[in-house]
Amino acid sequence: MLKIAIIGDSSTSGIGVGTACYPYLLQQRLQGKVESEIHNYGVPGLTSSDAKSFYLSESKALKSDYLVVYLGNNEASLSVYKGYEPHWRWEVKRRLAKKTMPSLKPPEIRQKYRFHHQPLAPTIANKPEDYRQNLLALVKAAKKQGAQVILINPIANTEFVAGAGSLNSVFFKFINGTEHCADFLDASEPKSRLLIEGIRHQEAGEWELMEDCYRQIVEGDHADLLQLIAQNNGAVAQAADAWEDAEAKLLGLVDRNRLYNPQIYFNLYRLYQQKGDTSQAQRYRALAYETDPSLYRVKANYRKVMFEVSYESNVHHVDLEELLTDEHFIDYCHPTLEGHEHIADKLTDLILKHYSTNASANSRYRTTFISPNHSLQPDADIIDYYSMDYDLSSTEIRTQLEGLLRQHSLDALPPLNEWLAQHRQPPLVGHLMNFLHVNATHPLFNQSILEQYPPFSHEVLNMPEYYLYRLLFNYYQAYEQHLQVADGKQSAGELTWGNGLKPGTLLKAADYQRLILRHNRESLSISLNLSAEYLDQIEAKLQQGLAESLVFEDLLFWRQKSVIYWYTRESFRYGTQSRASMLYDCLSLDAFLETTVVGMVIAYRLKSEKFLKFQSWAQQFEQLKELHEAQATQYRKAPTHFDHEAYQQALYQAKANCLGR
């Protein structure tokens with residue numbers, strides 16, 4: 001039995017749906033060729049410090065024929081400093097440390113898109129020398145165990161918007177950016193409100209009003225960061241017609257605030273690219289990338305370290321620069337499915353050079369989600385790290401939730417941050433209010449469903465959507481059974497299932513089961529709510545949601561610029577590979593699709609003609625998803641030549657169709 005252990009960060013992780021990552025694809029390629037077991041220990045956020053402490057402390061359990069390591073994207077990003085320390089010293093500290101159960105804390109809710117004056121944390125996770133020592137320790141331990149080591153040297157997306165992970169980045173305008181974001185932005189005081197007004201006028205093409213707002217910020221007694229953003233935005237507005245003025249303004253902003261140099265460099269890159277000055281464009285693109293600690297992207301000196309460690313240690317070195325290009329990325333550092341396939345192909349070739357193939361050979365695949373902070377919290381796992389589960393009394397959950405619902409209607413919940421500021425104790429109440437806020441917009445969620453299916457402990461903490469996943473797991477099982485039985489033939493009166501939606505449009509019941517990470521083992525099975533009343537409720541809420549939804553808006557550049565606000569939560573659902581669905585509001589569209597599945601199941605059981613309406617909606621949402629996927633893919637290939645107007649018109653027509661107009 002060939003054993004392969006794989007350690008890495010989110011580019012390796014099989015989290016979420018988890019079947020589009022190279023460890024899983026490697027297992028598929030080895031199936032029917034060599035008897036093998038692949039164990040994927042990749043988790044989002046892992047650094048070389050965490051990988052080293054984990055591997056060396058668990059080396060006996062991790063003994064394998066191959067150790068594959070894909071690390072580097074998290075080393076030079078803003079973080080608590082982790083560094084390198086000899087393993088014996090780490091073990092001593094671990095044994096002396098008191099193991100305490102963390103107490104339940106109130107939820108930490110970040111106010112999206114609000115202007116903040118405080119500076120960013122200046123530290124990064126690891127310096128290049130720390131990275132070197134951690135890799136050397138990993139390689140030495142693996143070779144001592146008799147494993148062959150394969151080091152994967154990362155590359156990342158140089159075209160992605162620089163500085164998009166930094167505080168206040170959403171307030172910066174970028175040359176050739178197409179987003180209309182003023183309505184999303186939130187002021188923390190009058191000064192930042194004036195900045196938002198300037199952005200609103202800029203997006204409307206009201207240049208004189210824009211200039212007046214920005215001039216008041218620059219000339220007034222305002223914080224330097226506001227002035228920096230206002231001047232950057234003014235330069236962006238001039239880029240098309242007054243190239244030299246824009247150039248002078250942007251060059252004058254360099255080093256005004258070093259934390260925001262990446263945004264300025266990125267605009268200079270796009271300015272010179274627009275002018276056709278390739279040399280200067282490449283120079284500033286490199287500067288934007290290399291000086292940006294806000295996004296998880298490997299830097300050149302860390303790539304050099306990986307190459308040197310591979311050479312000095314005489315281990316396999318897979319350089320992704322030879323396999324991938326910027327075309328294999330949609331987000332900032334995670335390869336697309338095609339990119340993961342290239343990596344899996346390369347690993348397959350390396351491994352099979354030393355083994356004879358056997359057509360009947362089986363391969364197995366497992367995942368273990370350790371803590372991304374293993375070097376500092378070795379006794380935790382990813383569930384502990386993200387506070388997904390806690391030993392809470394079901395009686396207390398129900399009592400506190402009933403109390404909240406007596407005070408507040410789901411249709412008119414108070415603003416979460418304001419409410420939390422006034423109700424800090426007990427922490428469970430804050431988590432329950434957050435649970436209501438996160439789920440309230442989903443058409444399947446209402447008070448009657450809550451009364452029928454009280455939430456579990458892991459459904460009211462930091463991943464409250466797990467509650468909906470439990471419902472969907474059960475309804476999707478029924479949906480899949482109906483399709484299997486019907487097979488395009490069986491009908492109830494005029495209600496015909498047909499062959500369902502195209503593969504890939506929907507998740508499967510098994511996917512929802514796999515998405516739920518928890519420590520408890522509460523049963524997911526429920527008796528379905530098949531009442532006509534619930535069917536009416538979700539129909540009305542779906543209709544209302546469609547009228548207000550962003551699924552009919554061109555969000556392509558806005559989604560790139562706001563990546564830091566949505567990426568983690570969505571990665572726990574869809575996985576961590578780059579995908580076209582990152583560039584539109586796929587989460588909301590999937591909520592509508594999920595509602596149509598539940599609606600079809602209920603209507604079919606009731607023999608209601610509403611089945612046809614939900615079925616029609618499902619088909620329209622499927623077509624809308626195909627439209628978004630095609631347009632997002634086209635935009636990614638040629639963003640400067642993309643026809644945003646045609647895309648938006650197609651979305652407006654899709655909205656009219658869905659609303660029956």
Side-chain angles (χ1 to χ4, degrees), residues 106-114 181-188 193 196 396-456 459-472 529 531-553 562 565-566 569 585 587-596 598-599 602 617 655 658-659:
E108 295 182 12
I109 308 298
R110 180 167 50 177
Q111 289 179 291
K112 279 190 175 184
Y113 317 135
R114 170 167 284 195
C181 65
D183 290 339
F184 297 126
L185 304 178
D186 186 18
S188 52
R193 190 170 297 115
I196 295 171
E396 185 180 5
I397 290 174
R398 185 176 300 193
T399 301
Q400 298 286 8
L401 185 57
E402 288 173 352
L404 279 177
L405 292 173
R406 281 195 297 270
Q407 299 173 46
H408 306 286
S409 165
L410 281 180
D411 297 328
L413 293 172
L416 185 56
N417 279 285
E418 294 177 14
W419 189 92
L420 287 174
Q422 299 172 14
H423 301 82
R424 292 190 173 276
Q425 295 296 333
L428 174 58
V429 180
H431 283 286
L432 287 170
M433 180 58 84
N434 180 52
F435 163 81
L436 296 176
H437 266 273
V438 170
N439 291 321
T441 57
H442 199 293
L444 297 177
F445 191 78
N446 60 30
Q447 190 155 337
S448 65
I449 212 76
L450 269 176
E451 292 169 356
Q452 185 172 357
Y453 312 119
F456 296 142
E459 297 171 340
V460 297
L461 297 179
N462 281 351
M463 296 297 285
E465 54 266 54
Y466 285 175
Y467 176 82
L468 289 167
Y469 292 174
R470 174 159 59 106
L471 267 63
L472 291 163
N529 184 330
S531 68
E533 180 184 15
Y534 185 48
L535 185 64
D536 291 342
Q537 290 169 348
I538 66 174
E539 178 190 13
K541 198 168 179 181
L542 175 57
Q543 191 87 32
Q544 179 185 353
L546 285 172
E548 302 168 354
S549 178
L550 294 175
V551 300
F552 302 106
E553 299 295 330
S562 63
Y565 294 98
W566 54 261
R569 173 154 261 107
D585 189 6
L587 203 60
S588 294
L589 183 49
D590 276 356
F592 296 147
L593 274 162
E594 289 164 346
T595 305
T596 63
V598 174
I602 298 173
W617 262 331
K655 183 173 185 177
C658 290
L659 292 175

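None of these values were measured; they are calculated from a predicted model.
Taking CD from Gln400 and CD from Glu402, the interatomic distance works out to 10.0 Å, rounded to the nearest 0.5 Å. Atoms OG and CZ, on Ser188 and Arg193 in that order, are 8.5 Å from each other to the nearest 0.5 Å. Going from atom CG of Asp411 over to atom CD of Gln544 covers 7.0 Å, rounded to the nearest 0.5 Å. Residue Glu451 holds its CD atom at 7.5 Å from CG of Leu405, rounded to the nearest 0.5 Å. One distance of note links CD1 of Ile397 with CD of Glu459; it measures 8.5 Å at 0.5 Å rounding. For the atom pair NE2 of His423 and CE of Met433, the computed distance is 7.5 Å after rounding to the nearest 0.5 Å.
Listed for the His437 side chain is a donor-acceptor partner under 3.5 Å among the backbone atoms of Pro414. Between the Ser562 side chain and the Tyr565 main chain, no donor and acceptor come within less than 3.5 Å of each other. With His408 contributing its side chain and Leu404 its backbone, the two residues share no donor-acceptor pair below 3.5 Å. Listed for the Tyr466 side chain is no donor-acceptor partner under 3.5 Å among the backbone atoms of Val460. Using modelled atom types, no side-chain atom of Gln543 and backbone atom of Ala540 make a donor-acceptor pair closer than 3.5 Å. Under the 3.5 Å distance criterion, the side-chain polar atoms of Tyr113 are left unmatched by any main-chain donor or acceptor of Ala187.
Side-chain contact between Phe552 and Leu659: absent, with no pair of heavy atoms (C-beta onward) separated by less than 4.5 Å. In this structure, Leu401 and Leu436 have side chains that are in contact, with non-hydrogen atoms separated by less than 4.5 Å. The side-chain heavy atoms of Val598 and Pro443, taken from C-beta on, include no pair separated by under 4.5 Å. Taking the side chain as every heavy atom from C-beta outward, Gln537 and Ser448 approach each other to under 4.5 Å.
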Pair Tyr467-Ile449, side chain to side chain contact (heavy atoms under 4.5 Å, CB included): steps then yes or no: CA-CA 11 Å; Tyr467 176 82; Ile449 212 76; 4.0 Å; yes
Trace of the side chain to side chain contact (heavy atoms under 4.5 Å, CB included) decision for Cys658 with Phe592: CA-CA 11 Å; Cys658 290; Phe592 296 147; over 6 Å; no
Criterion side chain to side chain contact (heavy atoms under 4.5 Å, CB included) on Leu546 and Trp617, from CA distance to verdict: CA-CA 11 Å; Leu546 285 172; Trp617 262 331; 3.8 Å; yes
Working for side-chain hydrogen bond (donor to acceptor under 3.5 Å, both in side chains), residues Glu594 and His442: CA-CA 9 Å; Glu594 289 164 346; His442 199 293; 2.8 Å; yes
Steps toward side chain to side chain contact (heavy atoms under 4.5 Å, CB included) verdict (Leu461, Asn434): CA-CA 8 Å; Leu461 297 179; Asn434 180 52; over 6 Å; no
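With respect to Asp186, the side chain to side chain donor-acceptor pair (under 3.5 Å) criterion is satisfied by exactly one of Lys112, Arg114, Gln111: Arg114.
Considering all non-hydrogen atoms of both residues, Leu468 and Asn439 come closest at CD1-OD1, 3.3 Å. Considering all non-hydrogen atoms of both residues, Gly430 and Leu420 come closest at CA-CD2, 3.6 Å. Contact record, Gln452 with Asn529: OE1-ND2, 2.9 Å, taken as the closest heavy-atom pair. Minimum interatomic distance between Asp585 and Val551 (heavy atoms only, all atoms of both residues): O-CG1, 3.6 Å. Minimum interatomic distance between Arg398 and Pro454 (heavy atoms only, all atoms of both residues): NH2-CG, 3.1 Å. The heavy-atom pair separating Arg569 from Asn462 by the smallest distance is NH2-O, 2.7 Å.
Taking the six-membered ring for Trp and the full ring otherwise, Phe435 and Phe445 have centroids separated by under 6.0 Å.
Atom CD of Glu533 has 12 or fewer heavy atoms from other residues, nucleotides or ligands within 6.0 Å.
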